[in-house]
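Structure record follows, encoded as structure tokens.
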Amino acid sequence: MQIWHARAVVRLCLLAVLSAGFAFSQDPTPVITVPNPPNTAAQQAKPYVILISLDGFRYDYPRRYGAPHLLQLGTKGASAPEGMLPSYPSLTFPNHISIVTGLYPEHHGIVGNTFWDPVREQTYVYTQPKSNSDGSWYSGTPLWVLAEEQGMRSACLFWPGSEAEIQGKRPSYYLRFDEKLDDQKRVDQVVEWLKLPPELRPHFITLYYSNVDHAGHNYGPDSDEVRAAVHHVDAMVGDLQAKVAALHLPVDFVVVADHGMVSVQGAPVTLADYADLSEFHTEGSLLYAKPDADVQEIYEEFLAHPDPRFKVYRRADVPPGLHFDTNPREGDPVIVPSGPFTLRGSLSSDGEPAKHRGAHGFNPRTMPEMKAIFFAAGPDVRPGVQLRPFENVNIYPFIAEILGLKAPAVDGTLEVLRPALKTSKRKK
Ligand SMILES: [Zn+2]
């Protein structure tokens, strides 16, 4: 009897799990349509840009593992064979926002995936809708906002920040982030958007895949799993290109990554072992003084216990190339890792960090493994252009120029990617 009962319970649970799975497959993440005005006549005459982010796709993966569709984009258009430089810290949210705003993280405000704002007295947590959907965290004008402001429709198939209303604007079409959304469905949705009538059809579209980043964290950048993920997302890009080509629209592809990946070395470093952080609020390796804390004293305590795995600066003295020295969200003092080491404030506040084989977030100027891919091809891109490594804040004016949008002054400049534009687009 008891055995029968146990079996029945197992069967019932299994049924519940199965039906939940079924319900999910019946109810895919819906596209949210915003009642923005249709494309103006002038904007309907403009080309289209699909901006694709392949999270964690290191600059050397295409040649190392083979990514025929991406490499072909590079031949047909522009590429950066030695990589594109992420902004510091080379983390997912700061860099996706830098790519779409042209601003360094300390200027657009998302200085980490998770950070504390001492003025708001609130924590931004990239995975929580409460913060990532709240436009008041973001500075700068994302490309989709720039487009909508000028009467051009946009669509985001995922992008950090795309679920927030920023400057009173949202993309005309977007989805709530759901990493389980089928990869093929993402391609097909982008194609569907391009089949809309001209007045409703988005001209700026984002698309996002995290497969390569996940494989890199879990198995390390040298793994077969990363190789397989590279092949998979490359095939997605190839499929999208083929389906878009059949539409005979003037579409420019820009394929980027937010950062690269490196194998983690050694055990995590706990900063509280070097200085008394009891009067500090910590978020990962970011340190925020509580009212009674003496920042200079803690800084000197760190200096008295040097460790080759990290450097300590008062915020104002962080090397200027990192662009990480003006925003209170960066904390003070600022700890900069010198190699692929996991740093955490204290065990008690941050808990045990996930045991990853691969990591990122490090200085891309001193660690080439942090560099990301860049490919661009289409009717507005000059064929066969190979670019020297450049900072990702320069993508913004490049895309704005292709779309003929008036862009505000940002940290990036059009000069950097101007050589990749067709002559007709290279107006002074
Ligand atoms: Zn990652």
Side-chain angles (χ1 to χ4, degrees), residues 51-62 64-65 67 83-100 105 108 110-115 124-128 131-132 157-163 177-181 183 186 206-230 232-234 236 255-265 268 283-286 324 336-337 339-344 350-364 367-374 392:
L51 172 63
I52 305 173
S53 166
L54 306 176
D55 198 316
F57 208 120
R58 204 167 80 183
Y59 76 103
D60 61 337
Y61 286 172
R64 180 172 176 191
Y65 292 128
M84 177 174 73
L85 291 157
S87 301
Y88 182 82
S90 48
L91 297 169
T92 295
F93 265 57
N95 277 284
H96 277 89
I97 312 286
S98 284
I99 289 165
V100 295
H108 62 59
I110 308 303
V111 302
N113 285 337
T114 300
F115 58 88
Y124 178 98
V125 183
Y126 70 118
T127 49
Q128 289 179 2
S131 30
N132 67 34
L157 209 154
F158 304 152
W159 200 275
S162 65
E163 292 166 61
F177 182 64
D178 173 10
E179 66 174 348
K180 292 193 185 72
L181 180 65
D183 290 341
R186 302 182 193 197
T206 70
L207 172 62
Y208 171 79
Y209 287 106
S210 58
N211 315 55
V212 174
D213 185 64
H214 286 175
H217 282 299
N218 291 334
Y219 304 100
D222 304 319
S223 62
D224 286 341
E225 286 82 357
V226 165
R227 177 192 301 272
V230 162
H232 174 71
V233 295
D234 180 66
M236 290 296 127
V255 187
V256 298
D258 46 355
H259 52 71
M261 189 66 69
V262 68
S263 296
V264 176
Q265 279 177 28
E283 292 291 347
S285 60
L286 299 175
F324 204 78
V336 178
F341 314 114
T342 309
L343 307 184
R344 59 186 169 190
D350 299 320
E352 193 68 33
K355 287 201 171 49
H356 281 151
R357 293 203 182 151
H360 52 87
F362 311 105
N363 181 359
M367 195 186 286
E369 293 93 333
M370 291 301 101
K371 288 188 295 182
I373 49 165
F374 173 86
N392 64 2

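Atoms within each ligand, like the ligands themselves, are counted from 1 in listed order. Keep in mind that this is a model prediction, so the values were computed, not measured.
- Checking His259 against the Zn ion (ligand 1), every N/O/S atom stays at or beyond the 2.8 Å cut-off.
- Rounded to 10 degrees, the NE2-metal-NE2 angle spanning His360 and His217 at the Zn ion (ligand 1) equals 90°.
- Taking the six-membered ring where tryptophan is involved, the planes of His96 and Tyr208 are perpendicular, since the angle between them exceeds 60° and thus also 30°.
- The Zn ion (ligand 1) has Asp213 among its coordinating residues (N/O/S atom, backbone or side chain, under 2.8 Å).
- Among the backbone and side-chain atoms of His214, no N/O/S atom is found under 2.8 Å from the Zn ion (ligand 1).
- With hydrogens and angles left out, the side-chain atoms of Asn392 and Ser87 include a donor and acceptor closer than 3.5 Å.
- Within the 4.5 Å cutoff, the side chain of Phe374 has heavy atoms near those of the Val256 side chain.
- The environment of CZ in Phe177 is crowded: more than 12 heavy-atom neighbours from other residues, nucleotides or ligands sit within 6.0 Å.
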